[in-house]
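A short write-up of the structure that comes next.
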Amino acid sequence: MQLRTASRSILALLAMLSCSAVHAQLFRAYLESTGSDANPCTLPQPCRLLPAALNAIVDGGEVWMLDSANYNTGTVIVDKSASILAVPGAVGSVVALGGPALSITASGLKVSLRNLVIVPFPGSPGTDGVSMTGASTLTIENSLIANLPTSGVSVTGAGTLKITHTIIRNNGGYAVVLFNGAAAEISGTQMLANANGAVLAQSSSATTTTASVTDSVISGGSSSEGVFAYTTVTGAVARIFVTRCTIEGTSYPLDSETSGVGSASIAVSYSMITNNAYAWYQSGTGSVIRTLGNNHITDNAGSFGVLTATALQ
């Protein structure tokens, strides 16, 4: 009797351990072109699609794409803190299909994307590359975001965006759109031939929207702004800081406008502004463009409004 009782206890313990192992979440999940979402997303048994891997990791975990493939079939909802990356040499593709390629709607998350290619799905191209509406932090490194119908990255609300060493090109809207309280730090990035322009910081509510663009190149786009600070209501603030950048081949490289209310400002230093339709465009009460010195503003067709010289402190 005692032996049978002991055996039952051991079997029960093993069953509990097995159940825990099945439901345990991983710190690191793996994706591969030959994987299956029926797998546990481990290195020996990788999954196939990004949603399965995100479901498999703990909050704050990592997803590694092991080889070159597309890893989604629709908008990927990122609802936990995570790092999503393709290993060096692999093209980890996430496509926009029926909406943005990736969507972050929750607040309090820390999400990083590294070495990804974000493009539209042929024939059904979706919208943005990455859309964030939650008050979270999104970091994009060493990635390509290209050819999307609307904007490369869109952030609405009190989210924080950090982009470094990334190419954002040939999108139908802006490279980066910031609305109503968003903040962005963009460095070492090329924003090329985006139809509406490179960076829009807009406040249409009593919020402060800011962008800092450093060591970057902005070029081209049909009737495009380089950087555009814009407000539409009383109490709204939009600010953009441009340092050590080149802006060329646009219509309005430095564009600060209000609809008669709010405060819109651009401050530029140590930058090259050349070969644009306007050197700067400043319009509306409460708008200002400041040059802090050491800029090369040359070979532009004209200018509109006032460029205010302010000494570096």
Side-chain angles (χ1 to χ4, degrees), residues 22-23 25-106 109-134 136 138-156 159 166-173 177:
V22 168
H23 293 288
Q25 288 186 298
L26 307 170
F27 170 71
R28 183 174 294 137
Y30 297 91
L31 294 173
E32 195 170 49
S33 60
T34 57
S36 168
D37 287 352
N39 289 341
C41 299
T42 59
L43 184 57
Q45 295 180 288
C47 289
R48 179 64 186 86
L49 296 175
L50 184 51
L54 287 168
N55 189 55
I57 62 170
V58 297
D59 187 66
E62 298 179 351
V63 175
W64 285 30
M65 299 170 178
L66 298 176
D67 62 354
S68 297
N70 177 64
Y71 287 105
N72 70 311
T73 58
T75 296
V76 177
I77 306 297
V78 182
D79 58 1
K80 63 179 65 173
S81 295
S83 295
I84 303 169
L85 61 99
V87 299
V91 178
S93 171
V94 185
V95 299
L97 173 62
L102 296 112
S103 175
I104 303 165
T105 59
L109 306 184
K110 294 182 179 179
V111 178
S112 66
L113 311 176
R114 189 183 321 147
N115 197 29
L116 298 187
V117 174
I118 301 174
V119 292
F121 185 81
S124 181
T127 55
D128 300 323
V130 185
S131 172
M132 183 165 72
T133 56
S136 290
L138 169 63
T139 301
I140 302 174
E141 305 169 282
N142 300 298
S143 294
L144 170 67
I145 305 172
N147 302 316
L148 294 148
T150 51
S151 294
V153 183
S154 175
V155 182
T156 301
T166 289
I167 297 174
I168 309 176
R169 60 170 170 78
N170 297 110
N171 297 292
V177 172

Donor-acceptor under 3.5 Å (Asn115 side chain, Leu85 main chain): no
Asn72 side-chain N/O to Val95 backbone N/O, donor-acceptor pair under 3.5 Å: yes
Side-chain donor/acceptor of Ser143 to backbone N/O of Thr166, under 3.5 Å: no
Pairs flagged by side chain to side chain donor-acceptor pair (under 3.5 Å) wherever residues 52-64 is involved - sequence neighbours left out: Arg28-Glu62, Glu62-Trp64
Heavy-atom check, side chain of Leu102 versus side chain of Leu50, under 4.5 Å: yes
Whether Ser81 side chain and Lys110 backbone form a donor-acceptor pair below 3.5 Å: yes
Full working for side-chain contact (heavy atoms from CB on, under 4.5 Å) between Ser124 and Leu97: CA-CA 6 Å; Ser124 181; Leu97 173 62; 3.4 Å; yes
Approximate separation, where rounding is to 0.5 Å, of Leu148 CG and Ile118 CD1: 8.0 Å
Check: Ser103 side chain, Ile77 main-chain N or O, donor-acceptor pair, under 3.5 Å: no
Backbone of Ala96 reached by a side-chain donor or acceptor of Thr127 within 3.5 Å: no
Contact summary for Ser33 and Ser68, nearest pair of heavy atoms: CB-O, 4.5 Å
Arg48 backbone acceptor or donor facing Asp37 side chain under 3.5 Å: yes
Residues that Ser83 engages under side-chain hydrogen bond (donor to acceptor under 3.5 Å, both in side chains), provided they are two or more places apart: Ser112
side-chain hydrogen bond (donor to acceptor under 3.5 Å, both in side chains) between Thr150 and Asp128, intermediate numbers included: CA-CA 5 Å; Thr150 51; Asp128 300 323; 2.5 Å; yes
Any donor-acceptor pair under 3.5 Å from Asn142 side chain to Arg114 backbone: no
Disulfide (SG to SG under 2.5 Å) pairs, two or more places apart, involving residues 38-97: Cys41-Cys47
Lys80 atom NZ: more than 12 heavy-atom contacts under 6.0 Å: yes
